[in-house]
Every structure is written in structure tokens, then in C-alpha cells.
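The next block holds one structure in the form of C-alpha cells; read it before the comments.
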Amino acid sequence: MDEQDYNGKDDELFDALLKSAAFDALEKEIDELPSCEELNKEYKTSNELNAKITEMLQESLTKAKRRKRRSNRLRLIAGLMIVFVMSIGVMFCFEPSRNLILNTCLAIRFKYYQNSIPENDLSENHIGEYYLPTYIPEGFEETRCSADPTPKNAYIDINYTNQEEQVISYHQGSPLESMAYDTRYATCYEVDINGVSAHLFVTTHEHHAHDLFWQTEDLYFSFSCPLDIDPEELIRMAESLKK
């Protein structure tokens with residue numbers, strides 16, 4: 001064994017002896033400390049301090065329980081939100097459920113629109129007073145009209161037809177409590193008809209029609225035309241309504 005290895009062994013032995021001596025000294029110091037019972041007798045706390053300590057411990061436990069309950073509620077809400085979002089995503093994958101959701105949203109939107117009709121507009125008129133369009137698109141003429149003037153069932157339906165047998169239909173009737181519209185083949189736009197908000201559905205499907213409708217507290221109006229007709233014509237006809 002060379003001198004360098006010998007010195008290394010001496011260092012390791014010295015470190016071990018030093019640690020052992022320090023541990024023995026620590027144990028001796030701990031053993032010489034007075035016991036908890038002796039400390040309680042010699043340094044007895046007051047009743048006020050004991051009560052304060054007890055109150056602080058209870059308060060700390062209460063806060064810990066509240067934090068745990070709050071954390072559990074947040075985890076529960078987060079879990080429900082994840083389940084809800086996943087459920088909506090799954091439902092949107094199927095056409096029938098997707099249509100049901102979209103139509104329900106539209107019905108809720110339309111109900112809000114009904115309740116937001118401003119005063120001093122067409123809602124002041126009665127159902128028995130018919131409004132007729134004074135603007136008719138070029139090439140169209142009235143080909144059918146049916147009406148019922150009785151207050152309970154009052155309505156008027158008019159068809160305007162051109163030489164290509166394309167039909168623009170107009171309806172005025174009693175207000176609807178709710179309405180759903182299939183938006184798979186149409187885009188909805190909110191337009192203004194003489195100061196009243198209306199919904200214009202512009203279709204992209206040849207077997208569907210452009211539709212324009214709006215509602216007041218007393219009256220419901222709608223126009224409809226085929227895909228080949230400019231939907232702006234419906235707006236012009238609606239803006240020209242006169243008694």
C-alpha cells in the first residue's frame with residue numbers, strides 16, 4: 001500500500017469517528033433535556049393562551065376543510081364541463097341531434113327577439129289590418145290570395161308568380177310563441193325592416209327557399225322565394241308594406 005492510499009484510509013476513519021462522536025454528543029444533549037411533563041410544570045401556560053392556541057388550531061382545521069371542499073367542488077365542476085363538452089361534440093357528430101341543438105338555439109334567439117320589439121312600431125296595429133307590399137319584383141304578378149279577417153284566426157297569404165312559374169309567397173298572421181328553422185342549408189342574417197329586426201335565411205340548396213320573417217307583439221310577417229331569386233327582393237318587398 002502506497003503512502004497516498006494510506007492517508008486516504010486515515011481520512012475516512014477520522015470522518016467516521018467524528019460523526020460518531022457528534023451523534024453521541026447530540027443524544028446526550030437530548031437526554032439531558034427536561035421532559036414535556038417537567039417543562040409543563042415549570043413553564044405552565046395561562047388559560048387565555050391555551051384558549052387562544054385551541055381557537056387557532058380549530059380555525060386552521062376549519063380553513064383546511066373549506067379549502068378541501070372548494071377544491072372538490074372545482075374538480076366536480078371541471079369534470080361536468082368536460083363531460084358536457086364531450087357530449088355536445090358527440091351529439092354534433094350525428095345529424096338529427098345536431099339539427100335539434102341548432103333549432104333549439106334558434107328558437108331561444110327568436111324568443112328573445114320577440115321580447116325586444118321597440119314600442120311605436122307595427123305592434124300597435126291589429127291583426128285585422130292587412131299590410132300589402134307596394135313593390136313587386138319585375139315579371140311577377142299576384143296569382144293567389146287567401147285571407148281570414150276574423151280576429152282569432154286572421155291571416156293573409158299571397159303568391160306572386162312569374163312566367164318561369166317561380167313563386168314568391170307572402171304571409172301575415174298572428175304572432176308565433178316559438179319558431180325553429182332548419183339551418184343545415186341556409187345562413188341566417190339579421191336585417192332591418194323599417195326599424196324592426198328581421199331574420200333573413202339565405203339558402204344554398206336548390207330544393208330550399210330564401211326566407212325572411214319578423215314578428216311584433218301583434219303580427220307575424222314572412223316572405224319566401226326560390227334559390228334563383230335574389231333574396232334582396234324579399235327585403236325590398238318587406239320594406240314596401242303598406243296598409
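Counting begins at 1 with the first residue of the sequence. Computed from a prediction, not measured in an experiment: that's the story for all the values here.
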Just by modelled atom types, is the Tyr131 backbone N or O under 3.5 Å from a matching donor or acceptor in the Gln172 side chain? yes
Look at the aromatic rings of His205 and His207 and report parallel, tilted or perpendicular, splitting at 30° and 60°. tilted
CD (Glu141) with more than 12 external heavy atoms under 6.0 Å: no
Looking only at side chains, do Ser224 and Asp211 share a donor and an acceptor under 3.5 Å apart? yes
So CZ of Phe140 and OG1 of Thr161: to nearest 0.5 Å the spacing works out to 7.5 Å
Nearest-0.5 Å distance, CD1 of residue Ile158 to OG of residue Ser146: 8.5 Å
Report yes if some heavy atom in the side chain of Ile168 is under 4.5 Å from a heavy atom in the side chain of Pro137; otherwise report no. yes
So if I apply the side chain to side chain contact (heavy atoms under 4.5 Å, CB included) rule between Ile136 and each of Met237, Glu142, Glu233, Arg236, which one comes out positive? Met237
If you define the side chain from C-beta out and look only at heavy atoms, does anything of Tyr160 sit under 4.5 Å from Val167? no
Closest heavy-atom pair and its distance - Trp214, Ala238: CH2-CB, 3.4 Å
Between His210 (side chain) and Thr203 (backbone), is there a donor-acceptor pair under 3.5 Å? yes
Determine whether the side chains of Arg69 and Ser71 contain a donor N or O and an acceptor N or O closer than 3.5 Å. no
d(Phe223 CZ, Leu200 CG) to nearest 0.5 Å is 12.0 Å
Donor-acceptor pair, distance only, cut-off 3.5 Å: does the side chain of Thr134 make one with the backbone of Ser240? yes
Test item: side-chain donor near acceptor, Asn72 and Arg75, under 3.5 Å: yes
Pairwise side-chain contact, Ile193 with Leu241, heavy-atom cut-off 4.5 Å (strictly under): no
Do the non-hydrogen side-chain atoms of Leu212 and Val191 ever get within less than 4.5 Å of each other? yes
N/O donor-acceptor pair under 3.5 Å between Tyr130 side chain and Tyr155 backbone: yes
Mind checking the CE-CE spacing from Met81 to Met86? Nearest 0.5 Å is all I need. 13.5 Å
Output the distance between atom SG (Cys145) and atom OH (Tyr170), rounded to the nearest 0.5 Å. 10.0 Å
When the aromatic ring centroids of Phe213 and Phe201 are compared, is their separation below 6.0 Å? yes
Do we see a donor-acceptor contact under 3.5 Å between the side chains of Glu239 and Tyr135? no
Here the gap from Ile235 atom CD1 to Asp230 atom CG, rounded to the nearest 0.5 Å, amounts to 8.5 Å
